[in-house]
Amino acid sequence: DGGITQSPKYLFRKEGQNVTLSCEQNLNHDAMYWYRQDPGQGLRLIYYSQIVNDFQKGDIAEGYSVSREKKESFPLTVTSAQKNPTAFYLCASSIRANYGYTFGSGTRLTVV
Amino acid sequence: QKEVEQNSGPLSVPEGAIASLNCTYSDRGSQSFFWYRQYSGKSPELIMFIYSNGDKEDGRFTAQLNKASQYVSLLIRDSQPSDSATYLCAVNQNQGGKLIFGQGTELSVKP
């Protein structure tokens, strides 16, 4: 079955550490997105990519980095520069820009 | 003015009633409109999309679009407790290549 897979489901980060969240899709979608969601809040866009080897900053890119070396994969690194990284991170893909998104199941990141 | 606005709620309706969720948007060039349902602790799932003015029905759900007034709504008929969730409105950004999400409306259906 086609889908979008995020791993891990839960992740704990120590202060000063970089961590990488995985996002893989086998839907043959061109576009991929990373969102952050804080409790009781809406979705805030971190980065997005419409084609391989190209990506754009979203509204809250500071402290995050991404790569898009393969169509199927769009990993997100939360760097030590992100001062408040505890949140629910959602990856999404769409067949192309402006089409409906399919979301992964999310990664819940906690700083310990 | 936010690009996509929704009342945060909570909207409380009794079981069996019609729940009406509203969304307004600012980009007149937007062409695609989506409703997502998000259960607590879970990821959003797409339940409706609409591209043309008027109504689109799918089971108990009806999406309504009025581009002249820049609003889109979602009606849920015969509301069930299992419909209790946060509903996110999303609108395509005409020149930006991505969807803009509202803050979401929390719906509570009381038995």
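Chain identifiers are assigned alphabetically (A, B, ...) following the order of the sequence lines, protein sequences preceding nucleic acid strands; residue numbering begins at 1 within each chain.
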Interface moiety of A/R108 toward chain B, non-hydrogen atoms closer than 4.5 Å:
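Answer is side chain: those atoms of A/R108 sit under 4.5 Å from chain B.
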
Interchain contact, A/Q37 with chain B, by part (heavy-atom threshold 4.5 Å):
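A/Q37 touches chain B through side-chain heavy atoms alone.
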
Identify which part of B/L99 has an atom lying under 4.5 Å from any heavy atom of chain A, answering side chain, backbone, both or neither.
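The answer is both parts of B/L99.
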
Quick one: what part of B/E45 sits under 4.5 Å from any heavy atom of chain A, side chain, backbone, both or neither?
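No part of B/E45 comes within 4.5 Å of chain A.
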
Determine, using the 4.5 Å side-chain heavy-atom cutoff (strictly less than), whether [X] and [Y] are members of one ILVMFWY cluster.
| X | Y | answer |
| --- | --- | --- |
| B/Y71 | B/W35 | no |
| B/V109 | B/I47 | yes |
| A/V66 | A/Y35 | no |
| B/L65 | B/V4 | yes |
| A/Y48 | A/I46 | no |

Can you name the nearest heavy-atom pair linking B/K42 to A/F88, along with the distance?
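Closest heavy-atom pair between B/K42 and A/F88: O-CE2, 3.7 Å.
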
Contact between B/L88 and A/L43 at the side-chain level, heavy atoms closer than 4.5 Å - yes or no?
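Heavy-atom side-chain distance check passes, below 4.5 Å.
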
Does a side-chain heavy-atom distance below 4.5 Å link A/Y101 with B/F34?
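Not touching, per the 4.5 Å side-chain cut-off.
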
Does the ring centre of B/Y36 sit less than 6.0 Å away from the ring centre of A/F103?
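Aromatic pair counts; centres sit under 6.0 Å.
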
Please find out if less than 6.0 Å separates the ring center of B/F49 from that of A/Y99.
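No, the ring centres sit 6.0 Å or more apart.
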
Separation between OG of A/S94 and CG of B/N92, rounded to the nearest 0.5 Å
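The distance works out to 11.0 Å.
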
Would the number of heavy atoms belonging to other residues, nucleotides or ligands and lying under 6.0 Å from NZ of A/K57 be above 12?
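Count not over threshold, so no.
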
Do other residues, nucleotides or ligands put more than 12 heavy atoms under 6.0 Å from A/D30 CG?
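Counting other residues, nucleotides and ligands, CG of A/D30 exceeds 12 neighbours.
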
